[in-house]
Every structure is written in C-alpha cells, then in structure tokens.
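Presented below is the structure to which this report refers.
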Protein chains: 2
Amino acid sequence: MKQTAVTPVILGLLSLGARSGYDIKNAVDSSTRFFWAASYGQIYPELRRLEAEGLIAGEDSPNGGRERRAYKLTAAGRKALTEWLLGRTVTIELRDESLLRLFFADALPREQALGLLEARKRGHEEYLAVLHAIDARPGDDPDFVDLVLRWGIAFNEWGAQWCQEQLERLQSEKTPA
Amino acid sequence: MKQTAVTPVILGLLSLGARSGYDIKNAVDSSTRFFWAASYGQIYPELRRLEAEGLIAGEDSPNGGRERRAYKLTAAGRKALTEWLLGRTVTIELRDESLLRLFFADALPREQALGLLEARKRGHEEYLAVLHAIDARPGDDPDFVDLVLRWGIAFNEWGAQWCQEQLERLQSEKTPA
DNA sequence: TAGTGCATGTAATGCGTTACATGATTTC
DNA sequence: GAAATCATGTAACGCATTACATGCACTA
C-alpha cells in the first residue's frame, strides 16, 4: 500500500471516531499538530485515494442542505492501521529555531546569550499553558491519547527546568578564578 | 533583509569558523542537522545571494587545482546574525512518528501498545549513543555549542526515563479491581 | 443581518531533498 | 589503482502550506 504522511493520521483519527474531512482537520489542529501536522490540501485528496483503495468507506450524510461525507475504517483499513502501528518508525524530525539560536549564542555578549536561555524557558512555559488548556477540556480521552498529552506536558516541564538549571550554572560560573 | 531557513545557519557557521559551502554542509551534518537540517541545494545558491547582499565576502582559494571558495562574515553579516539571534523565535516544529504511533496505540492490544513504548525508549537510547560518540570527539567546542549537545543528551535521557516510568505505571495498572 | 461554524475542495506557490554531474586530490 | 574526500553546482521531483472559492446553517 502506498503511504504518504497523512495516511496514518487519517486512519488513526477515523479509528478514534472522526468522520468527515473537516472533523479530521479539526482533530489534527487540536491534537496531533504538535508532532504531526496536516492540511486540507493533503486530507481531502488522500480521503478519496484511501476510499478508492478500499481502506475506508465513505457515505454521503448531508446535514440538511449542507453536504457532508462520513467515512469509516473498513476491515482492510483497520488492518493497515495496525500494520503501520507495528512497523518501523522512520521519521523523527525536529526543527527548533530556539535551539539553533542557542547553538550560535557564542556570537553574543554573555548577558544576551543568557537571555536566549530565558526566552527558551518562557517558550516552554507558554506551550505548557496551551497544553494545560487542552487537558482541562471536558470528556475523557482514550488511554494513549491521554498519555501523549501527558508526554507534552512533562516534556515542557522538563525543558523549562533544564533552562533554569543551565541559567543558574552559567551565572554562577561568572565568578572566575 | 530577506530570510530563508538556511540564512542563519550559514551566518552562524561562518561565525564558528566554517569557510566553504562544503564545510558548512559537513558542519550541519554533524551538528545542527539534529534540529535544523540543510542541503547543498539550499546552501550554494544562498551563499551567492548572501554575497550579493554583502553579508558575506567570498574569495577564491583553490587547494592546488581543486577549486574552492572561502567565505567569511562581513561586518554587515555579523550584524545580521546578532539581529537574528535577538529576534523572535518563530519555528518550533516536531515531526515525531513514534509519538503519532503512541497516540493511536489504543487500536492495539495492550501488550503491543506497551511494545510501542519500549520501541520509543530504544529509539532514545540509540540517539543517545550517537550523541555520546559526537561528545567523545577531541577538540573543545565553544560554550553554547557544547550546551546544545548537552541538551540533546539530557533530552534523550529524560525521554528514555519517561518511557520507562510509563511502562512501569501501565504494567502495574494491569491488575484491575 | 452579520458573523461564526460546518463542509468540501483545489490552484498556486514555495521549499527542500534527492540525485546526479564533474573533477581534483589524498590515502590505502 | 581504487576508494574516499574535497569541492561546486543544479535539475527534477515531491510535498505541504497558503489562499482562495463556494455555499448552507445557526446564533446573536
């Protein structure tokens, strides 16, 4: 089966109860986008492709005069999902401008370089606020959906703390021999 | 000044002593690639653009009959670098297939879902081995270059430990009421 | 009745990687 | 003499985002 970057997201979100392309996009934007983004330009063509391949089944289910197509996983689709789940992980990419800045921070006076660490810390704290807001939403998520949210929270807590520790270390080093 | 994704990497690596496009690509591949990749297809055209804009100065410095162009930052280039360093961080993107798998792991029997956590843990450990090898290379890096390497090591240690903790938690929950 | 949300879709654009071409030099 | 390294460069390809177009329904 041909795989694109959106394939697993679509299969996975349908397994979690999403129905329309619109649903999927919304779910992505409030969950996977933090580690796996997807746009309409990928989702809609891929839905048609997956239906043609028999991994999902679509059915017109308009809301009044408002057109809507509801999809669900077929047996083949569920199988493809579990196969992907058990396959080898390939992609782990990080594009972190704040880390890149830190990497080149020797070009700055010490004071300003430390400012970059502080800014990174704030970044983690802001991210944390977003994740806590998501966490506070009513309704309970499946175990592993929740686990990943918990990962995000723990990661940002760790990251903020790491920045703090390095700040303290570098500031105490200021008094040289 | 027009900014593309490679601009800061080039300016930054030149500030750290890289000279040719080839140098830059090598430096990227053994350092920033973990959080900011760049390919020849970006680097060479951008070097020419930056020279035309006066941010870097190039000079032909062939190695015998082997052509080579050595660049260095101009005053304007150094200024552009520090401005970028002090600007607002925009890009923080994560594309983590292992996290995506975990997110959909409720579709698997418990045993196999826990296997995903174990696989993620192994991923962190393998990454750690790569970073330790880089750390063991002789020569000392500038402070913040070293700091970022240290971040990578600490992050993967944290990540492996988090997986371990979750595994233990989820396994102990196995004995229900 | 204006604004927001539901819903589908695509064209244009931009960006980055891959893969290749070329050739000299150093090392084994 | 083969293989690796130094060194520059680009064309083709694929992919993903952005931005737009369309239209119904609900709500303030």
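Remember, predicted model here, so these are calculated numbers, not experimental data. Proteins get letters first, then strands, A, B, ... in listed order; numbering begins at 1 in each. No hydrogens, no waters, no symmetry mates; every other heavy atom, side chains included, goes into these values.
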Original post:
Is any side-chain nitrogen or oxygen of A/Arg68 closer than 4.0 Å to OP1 or OP2 of C/dA7?
Top reply: yes

Original post:
Once you round it to whole Å, what is the distance between C1' of D/dA16 and CH2 of A/Trp36?
Top reply: 13 Å

Original post:
Which whole-number value in Å describes the distance from A/Arg49 CZ to C/dT10 C1'?
Top reply: 18 Å

Subject >> Most 5' of B/Tyr71 and A/Ala5 on DNA chain D, judged by nearest nucleotide >> reply: B/Tyr71

**OP:** Specify the separation, in whole Å, of atom CG of B/Leu47 and atom C1' of D/dT10.
**Re:** 14 Å

Original post:
Quick one: are the ring centres of B/Phe155 and B/Tyr127 less than 6.0 Å apart?
Top reply: no

**OP:** Under 4.0 Å between any heavy atoms, over every strand shown, what does B/Ser20 touch: base, sugar-phosphate, or nothing? Just pick one.
**Re:** sugar-phosphate

Original post:
Base, sugar-phosphate, or nothing: which does A/Arg19 touch, judged by heavy atoms less than 4.0 Å apart?
Top reply: nothing

Original post:
Once you round it to whole Å, what is the distance between P of D/dA7 and OH of B/Tyr40?
Top reply: 10 Å

Original post:
Can you find a side chain N or O atom of A/Tyr44 that sits less than 4.0 Å from OP1 or OP2 on C/dT8?
Top reply: yes

Original post:
Hey, does B/Gly41 reach any base, or is it just sugar-phosphate, or nothing, if we go heavy atoms under 4.0 Å?
Top reply: base

Original post:
Does a side-chain N or O from B/Asn63 land closer than 4.0 Å to OP1 or OP2 of C/dA24, or not?
Top reply: no

Original post:
Within the structure, does a side-chain N or O atom of A/Arg95 lie under 4.0 Å from either OP1 or OP2 of C/dG16?
Top reply: yes

Original post:
Is the distance from OP1 or OP2 of D/dC6 to the nearest side-chain N or O of B/Tyr22 less than 4.0 Å?
Top reply: yes

Subject >> Atom of B/Phe104, atom of A/Leu85 and distance for their closest heavy-atom approach >> reply: O-CD1, 3.7 Å

Original post:
Do the side-chain N or O atoms of A/Gln42 get closer than 4.0 angstrom to the phosphate oxygens (OP1, OP2) of D/dC15?
Top reply: no

Subject >> Electrostatic pair A/Asp141:A/Arg150 at N-O distance under 4.0 angstrom >> reply: no

**OP:** Please work out if B/Gly65 contacts a base, only the sugar-phosphate, or nothing of the nucleic acid, heavy-atom cut-off 4.0 Å.
**Re:** sugar-phosphate

**OP:** Could you state the atom-to-atom distance from CG of A/Asp23 to C1' of C/dT8 in whole Å?
**Re:** 13 Å

Subject >> Charged N-O contact under 4.0 Å between B/Arg169 and B/Glu165 >> reply: no

Original post:
Want to settle it: does B/Ala37 or A/Arg66 sit nearer the 5' end of DNA chain C, counting the closest nucleotide to each?
Top reply: A/Arg66

**OP:** Measure the distance from CD on A/Glu46 to C1' on D/dC15 and round it to the nearest whole Å.
**Re:** 12 Å

Original post:
In whole Å, what is the span from the CD1 atom of B/Ile43 to the C1' atom of C/dG16?
Top reply: 12 Å

Subject >> Whole-Å distance separating the NZ atom of B/Lys25 from the P atom of D/dT8 >> reply: 14 Å

Original post:
Which atom pair, heavy atoms only, marks the closest approach of A/Leu81 to A/Pro8?
Top reply: CD1-O, 4.4 Å

